Amino acid sequence: MTQLKVIHGDIITIACDIIVNAANNGLQGGGGVDGAIHQAGGPAIMEECREIGYCPTGSAVITSAGDLQADYIIHTVGPVWMGGTRGEAEKLQSCYEESIELAVEYRADSLAFPNISTGVYKYPKDLAAPLAIKTVKEMLKKQGTEMEIFFVCFDAENAELYKKLIE
Ligand code: AR6
């Protein structure tokens, strides 16, 4: 059954089939959730990222999960916030859509999302949260699939926003 859950915590600790990473175009790793996933998952994930080489903004690619418990990591690249007039919303929506498409293709029963673009990329949290929830709900319906979705909020502000919108 499809269930949307809000977790206030670290995405590394979530038991699920696939974890989504908020990556960059070069898939080179970085800070934030990207750094945490590569650190916990070990070098195997980075080796696969290097082979893939590039991911356009709004797209998603998949690798194994290295030492993590999950089966796979989906790396998606959110938009950098430029004020909202550069197609940021469409690109962020596309991140969630492509991630769900890949998760369905790889037969995941459970999927954990971080709050894509709301850290270093500065997408306003109060705009990103409703977009993420709406897109995920619509995409699951469109794909005719049931999946357990975890919205993993690292910071208190996002956790509050998501809880208000979902509960
Ligand atoms: N678990 C869950 N969420 C986390 C974690 C964690 N361990 N750590 C941070 N967050 P960011 P972006 C939250 O900056 O904005 C990287 O360097 C954080 O509170 O990780 O998409 C990449 O390499 C925030 O709400 O990703 C890119 O260069 C959210 O994750 C760039 O940052 C996203 O923050 C991508 O920027």
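Start at 1 and go down the list; that is how both ligands and their atoms are numbered. FYI, the numbering just counts along the sequence from 1. Computed from a prediction, not measured in an experiment: that's the story for all the values here. Quick note: numbers below take in every heavy atom, side chains included, and nothing from hydrogens, waters or symmetry partners.
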The atoms of ligand 1 lying under 4.0 Å from a heavy atom of Gly29, numbered in the order shown, are 23 (O)
Whether the Ser64 and Glu48 side chains hold a donor-acceptor pair (N or O, under 3.5 Å, no angle test) is what I'd like checked. yes
Return yes if a side-chain donor-acceptor contact under 3.5 Å exists between Thr57 and Asn25, otherwise no.
-> yes
Any heavy atom of Asn158 under 4.0 Å from ligand 1? The part involved is side chain
Atom 36 (O) of ligand 1 sits nearest the protein heavy atom Tyr121 CG, 3.4 Å
Short version for Ala22: what comes under 4.0 Å of ligand 1, heavy atoms counted, is both
for atom 4 (C) of ligand 1, nearest protein heavy atom and its distance come out as Phe154 CB, 3.3 Å
Residue, atom and distance of the protein heavy atom nearest atom 24 (C) of ligand 1 read Thr118 OG1, 3.5 Å
Note to self: For the 3.5 Å polar cut-off, considering only N or O atoms, please tell me whether Pro114 and ligand 1 meet it.
What the structure shows: no
for atom 8 (N) of ligand 1, nearest protein heavy atom and its distance come out as Val33 N, 3.5 Å
A student comparing Asp34, Asn115, Ile11 should find that the heavy atom closest to atom 29 (C) of ligand 1 comes from Asn115
In ligand 1, the atoms that come under 4.0 Å of a heavy atom of Gly30 are 17 (O), 23 (O)
Ranked by distance from atom 19 (O) of ligand 1, the top protein heavy atom is Asp155 OD1, 2.9 Å
*asked:* Is there a polar contact between ligand 1 and Val120, counting only N or O atoms under 3.5 Å apart?
replied: yes
Among non-hydrogen protein atoms, atom 15 (O) of ligand 1 lies closest to Gly119 N, 2.8 Å
Would Glu138 and Lys134 pass as an ion pair if we require N to O under 4.0 Å?
-> yes
In this structure, atom 17 (O) of ligand 1 is nearest to the protein heavy atom Gly31 N, 2.8 Å
